[in-house]
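All chains are named by letter (A, B, ...) in the order of the sequence lines, taking the proteins before the strands, and each is independently numbered beginning at 1. Hydrogens, waters and symmetry mates play no part in the numbers below; they use all other heavy atoms, side chains included.
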Amino acid sequence: MPELPEVETSCRGIEPFCAGVEIAQIVVRQPKLRWPVAPNLPAQLAGQVVQSVGRRGKYLLLQVESGALMIHLGMSGSLRVVDDTVLVGKHDHVDIILRNGKIIRYNDPRRFGSVTFNQQGANHPLLKKLGVEPLEEEFNGDYLINCCRSRKVAIKSLIMNSQLVVGVGNIYAQESLFRSGIHPVRAANKIAKKRIETLVVHIKQVLKEAIKAGGSSLKDFTASDGKPGYFQHTFQVYGRSGEPCILCGKPLKQAQIGQRTTVYCGSCQR
DNA sequence: CTAAGGACCTGTCGGC
DNA sequence: TGCCGACAGGTCCTTA
């Protein structure tokens, strides 16, 4: 379920249960994820204390002394905090069993996510090529303008390119472009600097709002329903193809950009 | 170097 | 009710 706000919410949700707590055992029921779960992963983590819980892009990082457990939620993954009285369900692929009796349970129907162990810090192959964090100051107008230079891909594809900036997924790419009045298919190098600066502001704004909404709607991370808060959130364009634009009232259009459905307003976005 | 397309999976929904 | 195709929040890898 992850766009970045959801990963951030998961991060904050599990943190109180596992920070400072020893991992008793890891149980892998289905190792065939996006990357196969290494057979020795449980042995590498058993007995180690979770020092902190963090995030890099959409990777959750549970830091231990010898490295970090990296969890990616893919398209359909989610985490819950349970105890051993909760029955194991379909697609509950991995349990991180903690010494305090809690279990971090990883569920992922489509198995596009991953659970890997990282001994190499930021040099891990999956992290090494990631771009800047969208909510950090290093993601700013100058940075994005520079990215757009000499690239003629659709601006939507560009902001979803995780080698440039991480964490902007299909939903928030659409929302931030709408707020910025930029047509999603417009060539990146054909957009005025001022408008790119506006886009940066809106990307940050849209992500922050979603994190806030996620945090407030998901007050109990042990809730049985792992549905993210942001699906109760209303979107201005995502999923609204054919419905009226909230600004001009004309029906919203839909297109495929980089094989992803994209909804936009043909008259408000140029 | 950039850009475009395929690949990986299961579940759900609409149409017939 | 059942079957079938289209589609879904990601991103890595290969090819051009």
Side-chain angles (χ1 to χ4, degrees), chain A residues 1-11 29-37 55-60 70-79 89-94 106-116 118 124-131 134 146-177 184-190 203 206-207 209-211 213-214 217-218 225-242 254-263:
Chain A
M1 12 203 96
E3 290 243 0
L4 182 136
E6 188 51 27
V7 179
E8 180 67 27
T9 302
S10 297
C11 184
R29 298 184 196 87
Q30 169 58 278
K32 292 180 188 168
L33 304 181
R34 178 67 161 88
W35 311 113
V37 181
R55 174 184 70 69
R56 174 75 178 102
K58 291 175 186 168
Y59 291 91
L60 274 166
M70 296 201 302
I71 300 173
H72 197 291
L73 300 176
M75 288 274 248
S76 56
S78 62
L79 295 176
K90 205 175 182 186
H91 308 306
D92 284 339
H93 303 315
V94 179
Y106 172 85
N107 178 287
D108 185 4
R110 284 180 77 180
R111 290 194 265 128
F112 281 1
S114 61
V115 177
T116 48
N118 170 11
H124 190 282
L126 290 171
L127 303 180
K128 199 159 61 173
K129 294 165 82 178
L130 292 181
N146 200 39
C147 292
C148 289
R149 198 163 279 154
S150 87
R151 279 183 235 250
K152 55 181 185 184
V153 268
I155 185 64
K156 185 192 174 222
S157 298
L158 185 136
I159 60 176
M160 290 180 70
N161 180 347
S162 61
Q163 297 192 20
L164 302 176
V165 55
V166 295
V168 183
N170 198 32
I171 293 178
Y172 297 108
Q174 294 172 65
E175 294 297 312
S176 59
L177 286 164
V185 87
R186 177 159 220 104
N189 63 356
K190 293 267 173 65
I203 287 171
V206 130
L207 292 175
E209 284 177 18
I211 289 169
S217 69
L218 198 64
D225 179 15
K227 283 288 174 218
Y230 70 53
F231 266 143
Q232 281 126 44
H233 196 273
T234 55
F235 299 108
Q236 297 182 329
V237 285
Y238 171 77
R240 296 194 61 238
S241 179
Q254 177 173 323
Q256 291 297 119
I257 301 176
Q259 287 137 287
R260 308 299 297 277
T261 297
T262 308
V263 180

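- Of the residues listed (A:Val7, A:Leu130, A:Val166), the one engaging A:Lys58 in a side chain to side chain contact (heavy atoms under 4.5 Å, CB included) is A:Val7, and it is the only one.
- Taking 4.0 angstrom as the limit, A:Thr261 places a side-chain polar atom (N or O) nearer than this to OP1 or OP2 of C:dA8.
- Closest heavy-atom contact between A:Phe235 and A:Arg240: O-CD, 3.2 Å.
- Contacts between residues 106-115 of chain A and DNA chain B, counted as heavy-atom distances below 4.0 Å, involve A:Pro109, A:Arg110, A:Arg111, A:Phe112.
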What are the atom names and distances for every N/O pair under 3.5 Å that joins the protein to nucleotides 3-6 of chain B?
{"residue": "B:dA3", "atom": "OP1", "partner": "A:Lys152", "partner atom": "N", "Å": "2.5"}
{"residue": "B:dA3", "atom": "OP1", "partner": "A:Val153", "partner atom": "N", "Å": "3.1"}
{"residue": "B:dG6", "atom": "N7", "partner": "A:Gln259", "partner atom": "NE2", "Å": "3.4"}

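- Here CD1 of A:Ile211 is found 11.0 Å from CD of A:Glu209. Values are rounded to the nearest 0.5 Å.
- One distance of note links CD of A:Gln256 with OG1 of A:Thr262; it measures 6.5 Å at 0.5 Å rounding.
- Atom name P, nucleotides B:dG11 and C:dC12: the rounded distance is 24 Å, in whole Å.
- For B:dG11, one of the phosphate oxygens OP1 or OP2 lies less than 4.0 angstrom from a side-chain nitrogen or oxygen of A:Lys90.
- For A:Tyr59, the listed nucleotide lying nearest its side chain is C:dC12; candidates were C:dA8, C:dC12, C:dG10.
- Summarising the geometry, the separation between CE on A:Met70 and P on C:dG10 is reported as 18 Å, rounded to the nearest angstrom.
- Between the CG atom of A:Leu73 and the P atom of B:dT10 there is a distance of 18 Å, given to the nearest Å.
- Separating the CG atom of A:Leu126 from the C1' atom of C:dC13 is a distance of 13 Å, rounded to the nearest angstrom.
- Spacing between atom CD of A:Glu3 and atom C1' of C:dT11 amounts to 13 Å, rounded to whole angstrom units.
- Note that OG1 of A:Thr9 and CZ of A:Arg55 are 10.0 Å apart. Values are rounded to the nearest 0.5 Å.
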* To do: For side-chain contact (heavy atoms from CB on, under 4.5 Å), just list the numbers for A:Leu79 and A:Leu60, CA-CA rounded to whole Å, side-chain angles, deciding distance to a tenth of an Å, and then say yes or no.
  => CA-CA 11 Å; A:Leu79 295 176; A:Leu60 274 166; 3.4 Å; yes
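- Residues A:Arg34 and A:His91 both approach DNA chain B. Their nearest nucleotides, taken by heavy-atom distance, put A:Arg34 toward the 5′ side.
- For the atom pair CD1 (A:Ile155) and OG (A:Ser176), the distance works out to 9.0 Å, reported to the nearest 0.5 Å.
- Here the side chains of A:Leu127 and A:Met70 are in contact, with some heavy-atom distance below 4.5 Å.
- Between A:Ile159 atom CD1 and C:dG10 atom P there is a gap of 12 Å when expressed in whole angstrom units.
- Close to C:dT11, at under 4.0 Å from its OP1 or OP2, lies a side-chain N or O of A:His72.
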* Structure fact -> Pairs under 3.5 Å (Watson-Crick or G-U), crossing ones as [ ], inter-strand ones as |: DNA chain B comes out as .|||||||.|||||||
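- Within the 3.5 Å criterion, the main-chain N or O of A:Arg110 finds a donor-acceptor partner in the side chain of A:Ser76.
- A heavy-atom distance below 4.5 Å is found between the side chains of A:Arg151 and A:Leu164.
- The NZ-P distance, from A:Lys32 to B:dC8, rounds to 13 Å in whole Å.
- Separating the NZ atom of A:Lys128 from the C1' atom of C:dC12 is a distance of 15 Å, rounded to the nearest angstrom.
- Taking 4.5 Å as the limit, every side-chain heavy atom of A:Gln30 sits out of range of all side-chain heavy atoms of A:Asp108.
- If you take atom P in C:dT11 and the same atom in B:dT12, they sit 23 Å apart, rounded to whole Å.
- In this pair, A:Tyr59 and A:His72 present their aromatic rings perpendicular. The plane angle is above 60°, beyond the 30 to 60° band.
- C:dT11 atom P lies 12 Å from atom CD of A:Gln163, rounded to whole Å.
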